[in-house]
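Structure first, commentary second.
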Amino acid sequence: MSWDVSAVRRQFPFYANLEHPLHYLDSAATAQMHAAAFEAMGAHDIHARSNVLRGNHRLAEAATLAYEAARASVARFLNASAAEEIVFTSGCTAAINLVAGALAHSLQAGDEILVSLAEHHSNFLPWQRLRERGVLLRALPLDAVGCIDFSRLEVQLGNRCRLIALTHASNVTGALTSAADIAAVVAAARAVGARVLLDGAQRVQHGPVDVRQLGVDFYAFSGHKCFGPTGIGVLWGRREALAELPPFMTGGGMVGRVAIDESSWAEPPRRFEAGTPPIAQAVGLGAVLEWMLALPWERIRAHEEALLLRLLAGLMAIPGVALFGPANAADRLPVIALRLATHHSHDVCQVLDSRGVAVRGGHHCAQLLHRALGVEETVRASLALYSDADDVDALLAALHEAARVLA
Ligand code: PMP
């Protein structure tokens, strides 16, 4: 049985309410939101809106139960050992900044952090800022198509490395970091006593993740990239990895005892959730992850891969198109960066938009990756489980048109 795109589109209010035909091929930036999230958030704010974790009445209790149920859904989605390993944040960027900011307290001048040149700025700049503390930032280089060159791991990993932060999938090339490469990174990190963080922002849209199998210490992602609400994200941390971190933000809800000179912190995850969290958004994310957990991912992957191959074949037939990323579809997500001759990506996007095709142009918050590929910016098209062959064909036709109009 093949994946039924029209059936899934009926579950996305975006598709039911489109006034003009639009081929949305920018799900890597923000995916459309599933009805389960709309419904769960609406119902929560009508029937159980209250603050969490510190109320003494029935609504506060209902809100707390819903919030903690959402945490349990995230734990299931990631196959975490316990719900206490899930910290809600405002997004993937906030989750990575939390680890960097909390870790900063124990870093010494001369300690090292290892990243790669493929990182989104959200998984690069928080680590670069640690240089203010004398921390040395090292980076794995990229190969000719923009994939992380893991053959350089041994050379780049110093004895004083405290953390390795890598993307699980590139937001530009779609390149997936393989389980074998992650295992090698984890083994190398263990040998020098470093932690490993994976940026899962792009990967989560394409199915549940098994953090225990990956063997890493931290995993970060955003709700809006996996069909959930904006304003909510997740940091998963292995129990012992979270336990050794001090708070990043302080405020209500994350303390034990407060005294004038000194205070004690709550245990994780509360230690990292200062202030009122995005409660309805967490509930919406929980609902959408439960929906995702029940999906037939093998069929969806086959569908996405078939579309990707159709797109790649069509792109290769357009004169002047240059492609980046792995040649093998199995090694990548359905995310494609391209250049159309020497045309600026914004000009290309404008022509595409006028033809009802929404893609993104620019450096996609990955300037280092682009520079390594010898370009400043690219056009990026990204497919999701609600994309179909019409979307791909419309993109190809619009690119032919752009090549003609911009020539
Ligand atoms: N990492 C990657 C790989 C991303 O694609 C993004 C979003 N473009 C982020 C991190 C940051 O996510 P957010 O803006 O939702 O915090």
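As the structure is a computational prediction, the values presented were derived from the model and not from experiment. First listed ligand is number 1; within each ligand, the first listed atom is number 1.
Contact annotation: the side chain of M33 never approaches that of F12 to less than 4.5 Å [non-hydrogen atoms, C-beta and beyond].
A donor-acceptor pair under 3.5 Å is formed between the side chain of T64 and the backbone N or O of L53. No side-chain donor-acceptor contact under 3.5 Å links R380 to the backbone of V335.
Between the side chains of E376 and H370, not a single donor N or O lies within less than 3.5 Å of an accepting N or O. Counted by atom type alone, H120 and T167 present zero donor-acceptor pairs between their side chains at under 3.5 Å.
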Identify all pairs of nitrogen or oxygen atoms, one from ligand 1 and one from the protein, separated by less than 3.5 Å, and list them with distances.
unit_1: ligand 1; atom_1: 1 (N); unit_2: D199; atom_2: OD1; d: 3.2
unit_1: ligand 1; atom_1: 1 (N); unit_2: D199; atom_2: OD2; d: 2.5
unit_1: ligand 1; atom_1: 5 (O); unit_2: Q202; atom_2: NE2; d: 2.7
unit_1: ligand 1; atom_1: 8 (N); unit_2: H120; atom_2: NE2; d: 3.1
unit_1: ligand 1; atom_1: 8 (N); unit_2: K225; atom_2: NZ; d: 2.7
unit_1: ligand 1; atom_1: 15 (O); unit_2: S222; atom_2: OG; d: 2.6
unit_1: ligand 1; atom_1: 15 (O); unit_2: H224; atom_2: NE2; d: 2.7
unit_1: ligand 1; atom_1: 16 (O); unit_2: C92; atom_2: N; d: 3.4
unit_1: ligand 1; atom_1: 16 (O); unit_2: T93; atom_2: N; d: 2.9
unit_1: ligand 1; atom_1: 16 (O); unit_2: T93; atom_2: OG1; d: 2.6

Evaluation steps, ring pair (Phe, Tyr, Trp, His ring centres under 6.0 Å), between Y386 and F227: CA-CA 11 Å; Y386 42 56; F227 316 110; 5.8 Å; yes
